[in-house]
Each structure stands twice: as structure tokens, then as C-alpha cells.
Amino acid sequence: MSCPPLEKWAAWILREVSPAEEEALETHLFDCDPCAARVERMQTLIGRLNNGLPPLLTADRRRRLEQEVGSGILPMVPVSPGERATILLGPSRQVGLWLMRAELDGVDRLDFEMLTPEGGTLLAFSDVPFDAERGEVVLACQLHYRGIGPNEIVVKMTAVEPTGSRLLGEYRLNHSFTDV
Amino acid sequence: MARGKMALSGVKGQAEVVGEQTLFGRFAPRIRLYGLRHLGSEQAAGDLVQVVLMRVIEALREGRVNDLDNLGAYVLGTCRYAVFDLRRGEKRQRAIELESEAISEHVLPPDVTEGEVLRLMGCLQKLPERDNRIVRMSFMEDRSTDEIAQRLQLTSGNVRVLRHRALARLYECVERGGSA
């Protein structure tokens with residue numbers, strides 16, 4: 001068997017191959033050093049996607065994070081459209097939540113953009129999770145994202161509707177850092 | 001010196017030919033991958049590594065491995081039997097845990113660095129929009145394949161194939177250091 005393409009190994013890791021393919025892939029895995037190294041790195045990548053804290057949280061992920069960290073300890077900063085707010089992060093506060101409030105009744109799809117104050121795009125995701133019941137989009141702010149852009153960022157959220165796009169809000173999120 | 005290394009230092013015969021470094025360095029990561037794939041948890045995969053390596057070492061010590069050039073096939077066969085054993089119930093699992101305490105070598109990947117997180121987010125951002133949505137929905141929003149298929153108006157089979165390809169693209173971007 002020649003070295004299988006990467007997507008085959010991804011399928012194997014996700015248990016989405018037939019039994020015959022599984023047997024052939026596993027035989028190759030134990031025989032081919034370069035493929036073993038690639039599969040290990042693919043497994044690490046999938047593990048990071050699965051286990052890392054994503055930037056935008058579903059209601060369920062938020063609940064789990066609050067349970068893990070403790071909702072009394074986890075910094076949570078509500079911010080409404082047009083407002084500017086500040087969150088404080090540091091070694092003892094490595095994760096914080098921006099609770100971006102918006103009128104989300106009837107919204108089916110919400111697009112998210114993170115910009116520099118000058119308007120340069122840092123991150124843009126379409127169809128992101130939101131909590132319609134609470135009227136919130138939750139952005140997890142992590143100390144290790146510090147290098148991704150300036151301390152102050154602008155977030156724009158847009159509802160995508162059959163008739164077009166509607167701006168839900170623009171938020172100025174300022175990050176301040178402490179040594180403790 | 002780790003207990004595992006001490007245990008291996010007494011191995012004679014075939015084991016000396018193969019060498020401790022070959023066994024640990026070459027096969028421990030593959031056994032872990034096999035364990036993650038078939039047992040579903042890091043802890044069980046770690047147990048599998050210990051059990052399989054001990055069994056292979058014993059076989060080498062007793063000269064039971066017929067073809068040293070094809071050691072990978074022997075290790076894979078040992079993995080299959082060990083997984084079968086591990087699935088045979090709580091009592092058996094406890095016995096294997098005790099057996100595996102003979103070796104305490106660490107096989108887990110190192111912690112994620114800030115640079116790795118930034119590279120992953122950057123590469124995710126560079127994926128085509130549909131791939132980006134499939135990866136985020138699958139791994140960061142815990143949505144089922146059927147839900148994603150409905151959301152994106154695809155079949156579940158399509159979603160699986162697109163997910164494998166998207167992971168391959170993401171992997172290649174991360175391997176290139178984040179360049180598209």
C-alpha cells in the first residue's frame with residue numbers, strides 16, 4: 001500500500017472508514033515511519049480543535065467553562081451595541097468572557113467580524129453560535145491570544161436574513177493586562 | 001531514571017537487537033494513536049502503550065518474534081489483542097492497570113504553546129468558508145454530522161468527506177507555519 005492521503009488518516013482518526021480500510025490503514029501505520037509521524041500530528045491537531053477553548057462559545061460550552069473555572073472567578077464583561085468596555089487578564093485570570101448583547105429574536109444566522117480600530121480584519125467567522133434566549137454572543141478572551149492583534153479591538157455582528165444583512169451591533173473591546 | 005527505562009535495561013536477546021529507543025521512540029506514539037482510535041480516551045491509550053510494550057518486550061526476551069524486520073506487524077497484532085482484553089470489563093481493566101504500573105514512561109504530547117494556538121486560528125481563518133464552518137461546527141460547537149448537513153444543505157456523507165478534506169488542508173497550513 002502506498003502512503004494514504006491525509007484525508008484518509010483524518011477519516012481513520014474520526015472512525016469514519018470501512019472495516020477493510022481500517023485494517024489496511026492500521027497495517028500501514030505500523031509499517032511506515034513518515035505516516036506514523038503525520039498521523040500523530042493530525043491527531044494532535046484534531047485534539048486541539050476538540051479540546052481547546054474556541055473563540056465563540058455555545059451556551060453549553062459556556063456552562064461547562066463556568067463549571068470548570070467557577071463562575072465567581074471567571075471574568076465576565078457584558079457589553080451592549082455601541083459601548084466600549086475593558087476586561088482585565090493576567091496569570092491568575094487567563095480566560096475571560098465578553099458577553100456581547102444584541103437583539104437576537106428571530107435571528108437564524110449571525111456573522112462575526114473582529115477588526116482593528118482602523119478597520120483591518122483580524123478574524124471573520126460566518127454562522128457563529130449565539131444564545132438567543134439570553135440575547136448574547138459569548139467571545140472567550142484568552143491570555144494566549146494576546147499576540148493576535150492590538151489591545152483594543154472592534155467587533156461587528158451581523159444578522160444574515162433572506163432579505164440581506166442587518167448590523168446587530170458594533171462593540172469596542174479593550175484588553176488590559178496585569179502581572180498577577 | 002524512569003521505572004520504565006529501568007525495567008527495559010534488563011532486557012536481553014532479541015530485545016537488545018531491537019533496542020529500547022526503537023521500541024519507545026518508534027512504537028509508543030503509534031500504539032497511543034491506536035488506543036485513542038479504539039479505546040477513545042487518553043488514559044486508556046496510555047494504558048495500552050504500557051501493556052503492549054511490556055508484552056512485546058517479553059516476547060523479544062523469550063525470542064518469540066519470528067521476523068524482527070517486521071516488528072510493526074507484531075506490535076499491531078499485540079495492540080489488537082490488548083484492546084480486546086481492555087474491553088473485557090472492569091475487572092480485567094484493573095488487572096491491566098496493575099500490570100502497566102511496571103512502566104511509567106510519559107507518552108502524552110507536550111502542552112500547546114501560544115504560537116501553536118495562533119497558527120491554528122490563523123489557518124482556520126484561511127480555510128474556504130464552507131470548510132471553516134464544517135470544522136468549527138464539528139469540533140468547536142459539538143454539532144452532529146446530521147445537524148451540520150441540515151444547516152449547510154448537504155448530505156451527511158458529503159459533510160464527512162468535506163470534513164476529512166478540510167482537516168487535511170488545515171494540517172498542511174499548520175505544517176507550513178500558517179502560510180496559506
Side-chain angles (χ1 to χ4, degrees), chain A residues 5-17 22-23 25-33 35-58 60-61 64 108-109 114 121-129 142-148, chain B residues 26-27 29-34 36-38 40 42 70-77 79-80 109-110 112-118 120-125 129-130 132-133 135-143 145 151-152 157 160-172 174-175:
Chain A
L6 276 169
E7 52 259 45
K8 274 287 167 210
W9 290 119
W12 177 76
I13 290 168
L14 298 176
R15 303 182 179 88
E16 291 171 351
V17 292
E22 178 182 291
E23 178 144 5
L25 287 165
E26 287 171 2
T27 300
H28 187 82
L29 176 69
F30 278 80
D31 191 45
C32 176
D33 292 349
C35 279
R38 288 197 307 162
V39 180
E40 197 182 3
R41 292 198 296 273
M42 177 64 89
Q43 172 70 53
T44 302
L45 174 69
I46 293 173
R48 267 177 210 160
L49 288 169
N50 260 328
N51 303 322
L53 186 65
L56 291 148
L57 305 189
T58 59
D60 188 49
R61 288 253 179 163
R64 275 155 45 197
D108 177 58
R109 174 180 151 172
M114 188 189 283
T121 303
L122 294 168
L123 207 61
F125 287 149
S126 56
D127 200 6
V128 301
Q142 302 171 56
L143 194 60
H144 61 203
Y145 286 164
R146 193 173 177 170
I148 210 167
Chain B
R26 188 163 175 231
F27 290 111
R30 282 173 238 216
I31 301 166
R32 174 178 160 267
L33 288 168
Y34 187 91
L36 286 170
R37 169 67 176 71
H38 289 274
E42 198 65 69
N70 205 8
L71 188 59
Y74 189 89
V75 177
L76 173 59
C79 283
R80 287 183 173 142
V112 183
T113 65
E114 180 182 325
E116 286 166 339
V117 172
L118 293 178
L120 177 58
M121 293 313 297
C123 287
L124 186 59
Q125 177 74 22
E129 188 193 339
R130 188 172 62 179
N132 176 309
R133 286 168 79 181
V135 170
R136 281 190 293 114
M137 287 176 179
S138 301
F139 301 105
M140 298 177 167
E141 298 171 22
D142 311 312
R143 298 205 211 192
T145 302
R151 184 81 188 162
L152 301 182
R160 278 189 278 273
V161 170
L162 291 168
R163 182 162 51 211
H164 304 155
R165 290 181 190 157
L167 285 169
R169 283 192 180 131
L170 195 56
Y171 173 101
E172 281 167 351
V174 170
E175 289 287 301

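Residue numbers begin at 1 in each chain, while the letters A, B, ... track the order of the sequences.
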Value for CD1 (A/I46) from CG (B/L170), rounded to nearest 0.5 Å, stands at 9.5 Å
Applying a strict 4.5 Å limit to non-hydrogen atoms, the region of B/R169 in contact with chain A is neither
Answer key: most heavy-atom pairs under 4.5 Å with chain B among A/A10, A/G47, A/G52 is A/A10
Rounded to the nearest 0.5 Å, the OH atom of B/Y171 sits from the CG atom of A/L45 at a distance of 9.0 Å
Here the pair of heavy atoms bringing A/P55 nearest to B/M121 is CG-CE, 3.3 Å
Turns out that what part of A/W9 lies under 4.5 Å from chain B's heavy atoms comes down to neither
Turns out that what part of A/R15 lies under 4.5 Å from chain B's heavy atoms comes down to both
Honestly, the part of A/N51 sitting under 4.5 Å from a heavy atom of chain B is neither
query = With a 4.5 Å limit on heavy-atom distance, are the side chains of B/L167 and A/I13 in contact?
reply = no
Rounding to 0.5 Å, atoms OG1 (A/T44) and CG (B/L33) come to a distance of 8.0 Å
If one checks every heavy atom of A/T58 against chain B at 4.5 Å, the contacting part turns out to be side chain
Looking only at B/R165, B/R163, B/E141, most heavy-atom pairs under 4.5 Å shared with chain A are made by B/E141
Distance col, row B/E172:CD vs A/L6:CG, nearest 0.5 angstrom, shows 5.5 Å
Per salt bridge (charged side-chain N to carboxylate O under 4.0 Å, His left out), A/D127 is matched among B/R130, B/R133, B/R136 by B/R133
Judged by atom type as modelled, is there a donor-acceptor pair below 3.5 Å linking the side chain of B/R30 to the main-chain atoms of A/L29?
yes
* Can you check whether B/Y34 reaches A/F30 side chain to side chain, under 4.5 Å on heavy atoms? -> yes
Bottom line for B/V161: the part with an atom under 4.5 Å from chain A's heavy atoms is neither
So, the part of B/L76 with a heavy atom under 4.5 Å from chain A: the answer is both
* Electrostatic pair A/R38-B/E175, nearest N-O below 4.0 angstrom -> no
- Can you check whether A/E16's main-chain N or O pairs, donor with acceptor, with B/R160's side chain at less than 3.5 Å? no
When rounded to the nearest 0.5 Å, the distance separating OG1 of A/T121 from CD of B/Q125 is 8.0 Å
Value for CZ (B/R32) from CD (A/E40), rounded to nearest 0.5 Å, stands at 6.0 Å
When every non-hydrogen atom of A/A11 is compared with those of B/H164, the smallest separation belongs to CB-CE1, 3.3 Å
- Considering only heavy atoms from C-beta outward, does the side chain of A/P54 approach that of B/F139 to under 4.5 Å? no
Bottom line for A/E22: the part with an atom under 4.5 Å from chain B's heavy atoms is side chain
Whatever's closer than 4.5 Å to a heavy atom in chain A on B/R37 counts as both
